[in-house]
Amino acid sequence: MKKNIAVLVMLALVGMVFAQVEMSAGAEVAFAPVSIVSILEMGAFNETDTYSSSTITLGGFFDATYIQASLGLAFIGQVTKQVENVNGSITTTTFLKDPLEKRADLSIGLLGKYPIALSLVKIFPMLGFEYSLNLSYEYNGVDVKSSMTDDQKAMLNRFWLKTGLGADISVGEKLYVRPTALFAYGLNNKLETDVMAANKTLGFTKASIDNFKVEIGVAIGFKL
């Protein structure tokens with residue numbers, strides 16, 4: 001009897017949770033400036049190199065009130081600027097975009113969120129991750145990946161930790177617009193880890209490579 005009562009209570013609690021969950025789906029577009037920051041320090045020597053690029057992602061999402069899952073196609077931009085700071089002496093180099101180089105990734109994301117209702121608007125903090133899986137890397141129509149080893153191909157992928165804010169703005173009974181602003185930190189891949197380790201064996205007291213991006217997106221969602 002006690003077991004039956006416990007099961008009924010658990011089912012009631014689960015039912016209450018699902019009763020508060022609203023399902024929706026939609027399409028989104030996002031733009032993200034990307035920065036790669038490399039730092040080397042040894043005694044009085046200090047060098048910081050910052051490489052700038054950008055990414056545009058087109059995709060869709062599924063939302064269940066407290067969770068957002070997304071799948072998209074990310075077009076990875078080339079490095080367009082390098083800022084080199086050696087002991088306070090700054091040199092900026094601008095690179096022209098090469099239209100022959102093309103790269104695309106599959107973006108897989110999962111974010112937890114906590115909605116706070118404010119009249120027709122819901123705001124929510126977000127926290128989760130994104131995995132970028134490279135799909136293609138071409139130059140002048142030639143598949144660059146075909147000449148890469150498996151380890152080199154794996155270096156084109158990256159795992160991102162993401163946090164930020166979003167809002168749902170109702171524009172009808174079922175339709176809403178969702179702007180988001182997310183900060184992402186990219187975990188080092190094997191190449192970066194190997195480069196940092198090699199620099200430390202050369203005597204550098206600090207050798208780091210950090211990847212950052214600030215993603216600004218807008219989506220249109222439909223309540224199911």
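Not measured: the values here are computed from a predicted model.
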* Asked: Do Tyr66 and Val121 sit in the same hydrophobic cluster, where Ile, Leu, Val, Met, Phe, Trp and Tyr count as joined when their side-chain heavy atoms come under 4.5 Å apart?
  -> yes
* Structure fact -> Tightest non-hydrogen contact, residues Ser53 and Gly77, listed as CB-O, 3.8 Å
* **Phe129-Leu133 co-clustered via ILVMFWY side chain contacts under 4.5 Å** => yes
* Asked: So, the side chain of Thr205 versus the backbone of Glu41: is there a donor-acceptor pair under 3.5 Å, distance only?
  -> yes
* For atom CD1 of Ile220, is the number of surrounding heavy atoms from other residues, nucleotides or ligands below 6.0 Å larger than 12? -> no
* Start with the C-alpha distance between Ile123 and Leu165, add both sets of side-chain angles, then the distance that settles side chain to side chain contact (heavy atoms under 4.5 Å, CB included), and finish with yes or no. => CA-CA 7 Å; Ile123 62 173; Leu165 292 171; over 6 Å; no
* So, Thr163 side chain and Met126 main chain: donor-acceptor pair closer than 3.5 Å or not? -> yes
* Asked: Between Thr94 and Lys81, is there a donor-acceptor pair closer than 3.5 Å when you use the side chain of the first and the backbone of the second?
  -> no
* Looking at CD1 of Ile209 and CG of Asn199, how far apart are the two atoms once the value is rounded to the nearest 0.5 Å? -> 7.5 Å
* Asked: Do Ile36 and Tyr185 sit in the same hydrophobic cluster, where Ile, Leu, Val, Met, Phe, Trp and Tyr count as joined when their side-chain heavy atoms come under 4.5 Å apart?
  -> no
* To do: Could you pull out the closest heavy-atom pair between Val144 and Tyr139, with the gap in Å?
  => CG2-N, 3.8 Å
* Should the heavy atoms of other residues, nucleotides or ligands under 6.0 Å from OH of Tyr114 be counted, would the total exceed 12? -> no
* Run the numbers on Met23 and Phe62 for side chain to side chain contact (heavy atoms under 4.5 Å, CB included), then give the verdict. => CA-CA 8 Å; Met23 306 288 188; Phe62 173 79; 3.5 Å; yes
* Of the non-hydrogen atoms in Ser170 and Tyr176, which two are nearest, and what is the gap between them? -> CA-CB, 4.1 Å
* Would you please say whether a donor-acceptor pair under 3.5 Å links the side chains of Asp105 and Asn134? => yes
* So, does Asn189 use its side chain to make a donor-acceptor pair with the main chain of Leu191 at under 3.5 Å? -> yes
* Looking at Ala207 and Leu40, what are the two nearest heavy atoms and their distance? -> CB-CD2, 3.8 Å
* Test Val86 against Phe45 for side chain to side chain contact (heavy atoms under 4.5 Å, CB included), laying out the working first. => CA-CA 8 Å; Val86 180; Phe45 176 82; 3.8 Å; yes
* **Shortest non-hydrogen contact between Arg158 and Leu187, atoms and distance** => NH1-O, 2.9 Å
* Asked: Ignoring hydrogens and geometry, is there a side-chain-to-backbone donor-acceptor pair from Asp63 to Ala25 under 3.5 Å?
  -> no
* **Exercise: identify the closest heavy-atom pair between Trp160 and Asn211** => CZ3-O, 3.9 Å
* To do: If a pair satisfies side chain to side chain donor-acceptor pair (under 3.5 Å) and one of its residues is in residues 213-222, list it, with sequence neighbours excluded.
  => Glu130-Lys213, Lys162-Glu215
* Asked: Phe212 and Tyr131: same hydrophobic cluster, using ILVMFWY side-chain contacts below 4.5 Å?
  -> yes
* Asked: Any link between Phe183 and Leu110 through a network of hydrophobic side chains (Ile, Leu, Val, Met, Phe, Trp, Tyr) touching at under 4.5 Å?
  -> yes
